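A short worksheet on the structure shown next.
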There are 2 protein chains.
Amino acid sequence: MDEIRTIAVVGAGLVGQGWAIVFARAGLDVAIYDARDNAEVVIRPQIERAIADLGAGGLCDDPTALLSRIRFTETLADAVANSDYVQESAFERIDVKREVSRAIDAALPGHAFVGSSTSGFPGSDFYADCVHRARMMVVHPVNPPHLIPLVEIVPTPWTAPEMAMRARALMEDVGQSAVSLSREVPGFVLNRLQGALLDEAFALFAEGYATAEDIDRTVRDGLGLRWAFMGPFETIDLNAPNGLADYAERLGPMYAGFAAQRQADRGWTADAVQRADAERRNILPPSGLLARRSWRDEMLMRMVKAKKDLPS
Amino acid sequence: MDEIRTIAVVGAGLVGQGWAIVFARAGLDVAIYDARDNAEVVIRPQIERAIADLGAGGLCDDPTALLSRIRFTETLADAVANSDYVQESAFERIDVKREVSRAIDAALPGHAFVGSSTSGFPGSDFYADCVHRARMMVVHPVNPPHLIPLVEIVPTPWTAPEMAMRARALMEDVGQSAVSLSREVPGFVLNRLQGALLDEAFALFAEGYATAEDIDRTVRDGLGLRWAFMGPFETIDLNAPNGLADYAERLGPMYAGFAAQRQADRGWTADAVQRADAERRNILPPSGLLARRSWRDEMLMRMVKAKKDLPS
């Protein structure tokens, strides 16, 4: 990673702030640009709080040093023109993405490359008109990036393959867990997998087979325990005597039977959504959402730490 | 739990052994019957090893006391006739299930009830002719039951509702995490959810969007980190400002779009299975499967312990 020293973080909502921490934690210098008035005044304390939480969770040795690597710029051009890599996390609206990408494009040094945190748009929707589009792609994190290491790298049709590989190398160098898609697809991988499971969860709930809480329990005390450290392919690879192909032979037909029963266009019916929401509100009143998110982030740190303590 | 003191474990392969540990760990007396010759000679050392691993993982305070609560019987009738609850984990073949269920039925005391560990058959396929079928149901664990707490309780059309509730109470009393289905459905909840995700994973892999390893990474370093302690409904409930209904409104259409693209009958094509298996074998040769399963069980214990240390 000898050529990447300075990162421009464009857009510093929660995702951008998380990215700033990821890069600074890895020893890189970070220049944040955010379009809001008084951006630094608003954002710096939020970053400091997040770093303090990391420290309390045993996941950050030197908060002061980390913070010292983060600075704010007055203009987007200032942050981008002095960077080796740009992580864009602007507002998730297509006109904003296009405008910000053009501004990044105009200031981009010849050697630098760009990743967008977008979850909802293919890069080809907003990089098409950029001069440097061969060095631009989607680099999609999971919120919050400094707690969940997964990053999906999704090239546009114009992204140079070596740029996508450089993005992957950078992500791995800064401690993230990178996944490389060969080409664009809506939802990339993570949200498509999540959607597949959610669709089945909503269908089972809608058809009255179990409560939303019991369906949640099935995952958090069952499937999710395994999936916290093994993906679905490794899970089944270990669940039949002779590995994945053996598992597919023994149980493939069973799963095909479930699939045959699944109807297309089941969707999340309005009734199922309303009832699932009501069940959640019964378990957790709206006033409890904030504290529960803090608990979630604390648990994420513990999961990450538990995995680190036993390397694979 | 004042009336449940003694458990009959019928069938003591890995699943039955795990059950014996679950019940003995909770302070109950366990009588194991297994049809194999020299059953105790074969099985007792396996149980001792599993308990030793639990102790090493900090999940069992007194292995000696636990073992002292486990005995073996010479006949099925002996184990069942003196029990308050029977956990059946016989060979997963319908004729075996029917035969064993009839034998249990013939010896069952008036007050006792029965759960089957079956994963592939509805209880109605083998309990139909039993006199005590109102007190019989599926009580389906995840392998291994002493490490993964999830249990699915699936009544047949003849199961008395209060018996299903007693089974749930028993499961919770012995430290498992119970899910109650309202009625039978192939795959119950867990395998249907797993199948939904696996189908999408195989499709993305088959269509060349990512390697099997990167798809696995998406789960173990992304989705699975959250799902280790939050189910899918809670996850999305916390991922929009105003909870689940808010999330469904913002992102429901996006997921519906993915679903519309999913084709029915995609299945796990022979080519995709062979290529995924080849990828797995490249990462982990067949000779490494055994050690990797040990690593998996060690990690499961760490996940369980990490969750225990921060109660929700």
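None of these values were measured; they are calculated from a predicted model. Protein chains get the first letters and strands the later ones, always in sequence-line order, with residue 1 at the start of each.
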In the structure I gave you, are the side-chain heavy atoms of [X] and [Y] within less than 4.5 Å of one another anywhere?
| X | Y | value |
| --- | --- | --- |
| L197(A) | E200(B) | no |
| L300(A) | F229(B) | yes |
| K307(A) | L225(B) | yes |
| V219(B) | E234(A) | no |
| N191(B) | Y255(A) | yes |
| R226(B) | M303(A) | no |

Shortest non-hydrogen contact from [X] to [Y]?
| X | Y | answer |
| --- | --- | --- |
| P232(A) | A201(B) | CG-CB, 4.4 Å |
| P241(A) | R293(B) | O-NH2, 3.1 Å |
| A306(B) | A306(A) | CB-CB, 4.0 Å |

Practice item. Could you go through the side chain to side chain contact (heavy atoms under 4.5 Å, CB included) check for V179(B) and D221(A) one step at a time? Key: CA-CA 10 Å; V179(B) 164; D221(A) 290 337; over 6 Å; no
Tell me which of these, [options], has more heavy-atom pairs under 4.5 Å with chain B than the rest.
| options | value |
| --- | --- |
| E184(A), R296(A), E213(A) | R296(A) |
| L190(A), V273(A), V185(A) | L190(A) |
| L251(A), N242(A), I215(A), L290(A) | I215(A) |
| Q176(A), Q274(A), R183(A) | R183(A) |

With a 3.5 Å cut-off and sequence neighbours excluded, list the donor-acceptor pairs that the side chains of residues 139-151 of chain B form with protein atoms.
| unit_1 | atom_1 | unit_2 | atom_2 | d |
| --- | --- | --- | --- | --- |
| H140(B) | ND1 | E152(B) | OE1 | 2.8 |

If you measure from [atom1] on [X] to [atom2] on [Y], what distance do you get to the nearest 0.5 Å?
| X | Y | atom1 | atom2 | value |
| --- | --- | --- | --- | --- |
| D277(B) | D246(A) | CG | CG | 9.0 Å |
| L181(A) | D214(B) | CG | CG | 8.0 Å |
| T218(A) | Q194(B) | OG1 | CD | 12.0 Å |
| W227(A) | D216(B) | CH2 | CG | 10.5 Å |

Of the backbone (N, CA, C, O) and the side chain (C-beta and beyond), which part of [X] lies under 4.5 Å from a heavy atom of chain A, both, or neither?
| X | result |
| --- | --- |
| I236(B) | side chain |
| E249(B) | neither |
| R168(B) | side chain |
| P286(B) | neither |
| L198(B) | side chain |
| A240(B) | backbone |

Review point. So which residues of residues 117-124 of chain A are in contact with chain B at a heavy-atom cut-off of under 4.5 Å?
Key: none
Who wins among [options] for the most heavy-atom pairs under 4.5 Å with chain A?
| options | value |
| --- | --- |
| A228(B), G222(B), G195(B) | A228(B) |
| A245(B), G257(B), G231(B), A248(B) | G231(B) |
| A210(B), G243(B), A212(B) | A212(B) |

Chain B contact via [X] - which portion, at a heavy-atom distance below 4.5 Å:
| X | value |
| --- | --- |
| A178(A) | backbone |
| L284(A) | side chain |
| M230(A) | both |

Exercise for review: Establish, for the pair R192(A) and F258(B), whether the NZ or CZ atom is under 6.0 angstrom from the six-membered ring centre and no further than 45 degrees off its axis.
Suggested key: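 R192(A) over F258(B) ring: yes.
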Review point. Do we get R280(A) above F233(B)'s six-membered ring, with its NZ or CZ under 6.0 Å from the centre and within 45° of the axis?
Key: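 R280(A) over F233(B) ring: no.
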Point to revise | Lys/Arg N to Asp/Glu carboxylate O, D237(B) vs R292(A), below 4.0 Å | key: no
